[in-house]
Amino acid sequence: MALHPAIFTLITDFGLKDPYVGQLKGALLRGCPAATIIDLTHHIAPWDVVGAAVAIRTSYRFFPVGTVHLVVVDPGVGSERAILAAAGDGHYFIAPDNGCLSLLVADHRIASIHRVEEPIFFDASVSPTFHGRDIMAPVAAALASDGHLERFGPVVEPITIRTVFPPKAIDAAGCLHGQVLGIDHFGNIRTSIRADRFDPAAFAFVEIGGRRIGPLVRCYQEAETGSLLALIDSAGFLEIAANRANGAALIGCAVGDPVIVHLGTGETGAGGAE
Amino acid sequence: MALHPAIFTLITDFGLKDPYVGQLKGALLRGCPAATIIDLTHHIAPWDVVGAAVAIRTSYRFFPVGTVHLVVVDPGVGSERAILAAAGDGHYFIAPDNGCLSLLVADHRIASIHRVEEPIFFDASVSPTFHGRDIMAPVAAALASDGHLERFGPVVEPITIRTVFPPKAIDAAGCLHGQVLGIDHFGNIRTSIRADRFDPAAFAFVEIGGRRIGPLVRCYQEAETGSLLALIDSAGFLEIAANRANGAALIGCAVGDPVIVHLGTGETGAGGAE
Amino acid sequence: MALHPAIFTLITDFGLKDPYVGQLKGALLRGCPAATIIDLTHHIAPWDVVGAAVAIRTSYRFFPVGTVHLVVVDPGVGSERAILAAAGDGHYFIAPDNGCLSLLVADHRIASIHRVEEPIFFDASVSPTFHGRDIMAPVAAALASDGHLERFGPVVEPITIRTVFPPKAIDAAGCLHGQVLGIDHFGNIRTSIRADRFDPAAFAFVEIGGRRIGPLVRCYQEAETGSLLALIDSAGFLEIAANRANGAALIGCAVGDPVIVHLGTGETGAGGAE
């Protein structure tokens with residue numbers, strides 16, 4: 001399943017001000033000089049493992065089979081926390097064992113996980129503050145060459161899973177409860193509610209910040225300019241947005257705020273209306 | 001004219017916080033695993049078609065012949081607006097039909113344009129909110145393989161052109177009128193006035209924000225440190241700047257402000273002086 | 001020593017808002033279509049030669065031997081300042097002669113330097129405001145093809161060195177004096193004090209902003225969450241930070257602030273305590 005030349009993606013909380021991302025790429029290129037390296041994002045909030053878990057869950061499948069994905073949000077760098085190398089759905093993943101891969105596990109996308117322990121794959125000099133560059137990158141380069149996980153260390157199971165936004169059943173009132181997972185560059189509100197958790201035909205409205213928004217539209221343009229709308233986003237989750245305007249600013253909502261989908265007729269909904 | 005391996009450039013309003021740019025690159029790599037992908041900018045203001053049109057006009061020619069340029073500023077995504085594939089000056093361009101390519105057309109750089117309609121080239125699953133990833137990227141990858149536009153759909157003409165900053169003739173007072181198109185990272189003021197619209201030897205001064213700046217210098221260093229200056233920028237347009245200082249902040253100007261080039265002697269100029 | 005395909009790194013003060021970085025990459029690709037180009041940083045403060053010198057010193061060695069590093073922080077662009085092409089430690093460097101390479105010279109990493117003078121290697125049209133794109137990029141592409149510096153122009157020696165943070169000897173009180181070189185995305189405080197300038201076993205504490213921090217720890221996790229700590233960073237310099245918190249904000253320090261390492265016992269230290 002290895003790709004030639006290899007493709008790598010990166011998700012980090014490093015930002016782009018400092019040369020850290022570039023140094024990590026240098027380490028990948030030392031192991032794999034013909035590599036293609038794609039930035040998924042370096043703007044995960046510092047130490048935000050949940051944000052990293054969401055980003056890799058929604059993004060890996062747009063890459064060719066055989067891609068190696070590095071997720072380096074690692075507040076415990078240098079401590080005893082393990083580093084994991086995983087495979088599933090035709091892709092490879094390397095991340096600290098701190099929850100970064102937990103949503104992929106929850107989605108049943110991971111077939112096997114090994115703990116990375118064999119220092120022969122590491123850089124000759126490992127800084128205790130930069131395992132992304134000195135351990136994960138050289139391991140990723142080795143993994144890209146043949147796709148074999150077992151040489152890095154033993155199988156681990158169960159991994160340390162940080163449970164993030166556990167899906168809930170539809171409640172007695174016909175409501176599905178979730179929360180705001182993120183607000184994107186356009187002010188679109190990404191939620192934890194997967195579109196396959198409800199019947200779109202039964203969608204009445206979504207309740208957020210004291211407002212009721214619905215029914216579902218297909219694209220931004222189907223709402224009036226400046227108006228709020230709800231749709232299924234390009235990753236398969238419920239999104240609340242506005243047409244050519246900043247939906248999050250209009251609503252005044254923040255990450256973690258509750259989001260409630262009301263199924264059935266509009267009359268079914270409990271709770272505040274506009 | 002196709003390049004092997006293919007080179008792509010990207011201009012978007014996606015920003016770099018979210019994994020959208022990376023997902024679009026993944027889609028390019030699925031179609032063209034050896035692609036080289038270069039970011040021109042992802043910081044076009046959200047939905048700013050004019051900004052995108054300026055960026056592609058000033059940047060495409062620095063790339064090898066055969067490069068495929070994607071311009072994804074697409075407020076109408078998912079609606080009936082067309083997607084265009086164009087060729088000219090040895091380059092290829094893919095963008096929504098909303099004005100992004102209109103300055104290239106105005107500059108007579110485009111030889112042929114086709115409407116992208118054949119879903120066989122699209123991703124198997126097209127999100128109505130992300131045509132950049134699910135339509136434009138796979139079409140771009142196909143285009144890079146042989147440079148044939150006609151298979152994507154019919155020739156279109158005239159395209160929907162959003163007319164941006166139409167050039168004006170020199171007026172009776174010997175003045176050339178334009179405006180501030182953008183302010184760059186250094187505070188340099190980019191204008192809509194092309195250097196080939198006037199004789200540099202006749203340039204007396206440029207009037208902006210109540211100030212008169214001139215004559216033209218060749219480079220920043222030719223002005224005193226902190227002083228305002230006017231020169232021809234690296235894209236062939238009149239620029240107002242300051243040596244090692246933020247020219248836009250010194251003048252207090254903004255995008256859209258009028259810029260007037262006075263030709264002939266300094267005495268010719270009408271309007272406010274410092 | 002040339003790499004095939006070539007690898008280039010970039011350090012600039014261009015930011016990422018404008019298409020300048022992309023245009024420079026286009027020029028590299030015109031000379032070397034299979035190039036791999038890695039961004040080290042484009043967020044050097046405008047015209048900050050010292051910041052550029054620090055970034056290249058700490059980053060180049062993580063790349064494969066044969067990599068060509070461009071450092072384009074060039075406030076004197078278009079003036080008579082020279083452009084340099086240098087080699088050393090298996091790497092190549094291209095930068096204006098304004099101090100960008102001076103820390104590499106101070107570290108004895110540079111074996112030879114030539115002045116870039118032969119216009120046959122330049123772009124056919126050189127903008128006086130963008131030598132990075134029109135001179136340095138095509139020269140870098142030529143250099144990557146065979147590693148020969150001498151054809152670009154004559155050997156220069158001594159180069160114009162801007163002396164930055166000259167290392168000082170340990171003073172009579174057993175103290176080593178340095179300063180804050182930068183504050184990274186996480187709020188970690190990077191200092192000018194190289195770890196090989198003192199015996200870690202003799203490290204008592206570091207004094208910064210009226211606080212005493214010590215002894216040295218190995219990684220962030222070894223301090224309490226939110227607590228200040230001192231360690232050796234991933235580039236081999238003394239760093240002051242906090243575990244999962246913004247160390248610079250906790251201390252309230254800024255670039256240029258003094259940093260004093262006290263060697264021997266804690267009692268040896270002069271100056272303020274917490």
Side-chain angles (χ1 to χ4, degrees), chain A residues 3-11 15-16 34 36-45 51-52 54-67 69 91 182-188 190 195 217-223 225 229 231-236 239 241 243-246, chain B residues 5-8 10 12-39 42-49 72-81 96 98 123-138 141:
Chain A
L3 268 175
H4 301 284
I7 298 175
F8 299 90
T9 78
L10 301 179
I11 293 172
L16 291 174
T36 293
I37 309 169
I38 302 294
D39 302 304
L40 272 166
T41 179
H42 300 292
H43 295 289
I44 299 293
V54 170
I56 188 61
R57 175 171 65 168
T58 56
S59 298
Y60 81 89
R61 65 191 168 90
F62 299 105
F63 287 81
V65 163
T67 296
H69 305 273
H91 291 255
I183 293 165
D184 81 6
H185 172 69
F186 296 94
N188 300 332
R190 293 181 293 132
V217 296
R218 252 186 82 260
C219 66
Y220 305 114
Q221 198 87 325
E222 288 184 6
T225 297
L229 57 95
L231 47 64
I232 306 308
D233 74 13
S234 64
E239 173 180 310
N243 184 17
R244 303 194 195 209
N246 189 309
Chain B
I7 298 174
F8 300 90
L10 302 179
T12 80
D13 59 352
F14 297 175
L16 291 174
K17 185 168 77 78
D18 310 296
Y20 304 147
V21 170
Q23 292 176 11
L24 190 157
K25 291 178 179 176
L28 280 172
L29 290 170
R30 279 191 295 165
C32 185
T36 293
I37 309 169
I38 301 294
D39 301 304
H42 300 292
H43 295 288
I44 300 292
W47 317 298
D48 177 13
V49 170
V72 191
V73 174
D74 193 8
V77 61
S79 69
E80 290 307 302
R81 68 90 189 77
N98 61 9
D123 191 73
S125 163
V126 173
S127 163
T129 64
F130 203 170
H131 286 186
R133 181 189 71 196
D134 298 339
I135 297 180
M136 294 185 233

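Here is the naming used below: chain letters follow the sequence lines, and residue numbers restart at 1 for every chain. Every value quoted in this text rests on a predicted model; they were computed, and no experiment measured them. These values consider heavy atoms only, across backbone and side chains, with no hydrogens, waters or symmetry-generated copies.
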Taking side chain as everything from C-beta outward and backbone as N, CA, C, O, which of these in [X] sits under 4.5 Å from a heavy atom of chain B? Side chain, backbone, both or neither.
X        : value
A:Ile11  : neither
A:Ile183 : backbone
A:Ala6   : neither
A:Ser59  : both

Name the option with the most non-hydrogen atom pairs under 4.5 Å to chain A; the candidates are B:Gly78, B:Pro75, B:Gly76.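 With the most close heavy-atom pairs to chain A, the winner is B:Pro75.
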
Could you tell me which portion of B:Arg133 (side chain, backbone, both or neither) has an atom closer than 4.5 angstrom to a non-hydrogen atom of chain A?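 Just its side chain gets close to chain A.
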
When only pairs under 4.5 Å are counted, which of A:Phe186, A:Phe62, A:Tyr220, A:Phe63 shares the most heavy-atom pairs with chain B?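 Between A:Phe186, A:Phe62, A:Tyr220, A:Phe63, the count favours A:Phe62.
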
Option in A:Leu16, A:Leu40, A:Ile44 with maximal non-hydrogen atom pairs under 4.5 Å from chain B: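 Maximum pair count with chain B is reached by A:Leu40.
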
Donor-acceptor pair, distance only, cut-off 3.5 Å: does the side chain of B:Thr129 make one with the backbone of A:Cys219?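 Side chain of B:Thr129 to backbone of A:Cys219, a donor-acceptor pair under 3.5 Å: no, none is there.
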
Ignoring hydrogens and angles, tell me if any N or O in the side chain of B:Asp18 forms a donor-acceptor pair with the backbone of B:Tyr20 under 3.5 Å.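 Judged by distance alone, no pair lies under 3.5 Å.
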
So do the side chains of B:Lys25 and B:Asp39 get within less than 4.5 Å of each other, counting heavy atoms only?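 The answer is yes, as the side chains (C-beta and beyond) meet within the 4.5 Å cut-off.
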
Taking all heavy atoms of B:Asn98 and all of B:Asp74, pick out the closest pair and write down the distance.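 Where B:Asn98 meets B:Asp74 most closely, the heavy atoms are ND2-CA, 4.0 Å.
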
Do you know which two heavy atoms are closest between B:Ala35 and B:Phe8, and how far apart they sit?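 Closest approach of B:Ala35 to B:Phe8: CB-CE1, 3.5 Å.
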
How long is the straight-line distance from OG of B:Ser125 back to CZ of A:Arg61, given to the nearest 0.5 Å?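 The distance works out to 7.0 Å.
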
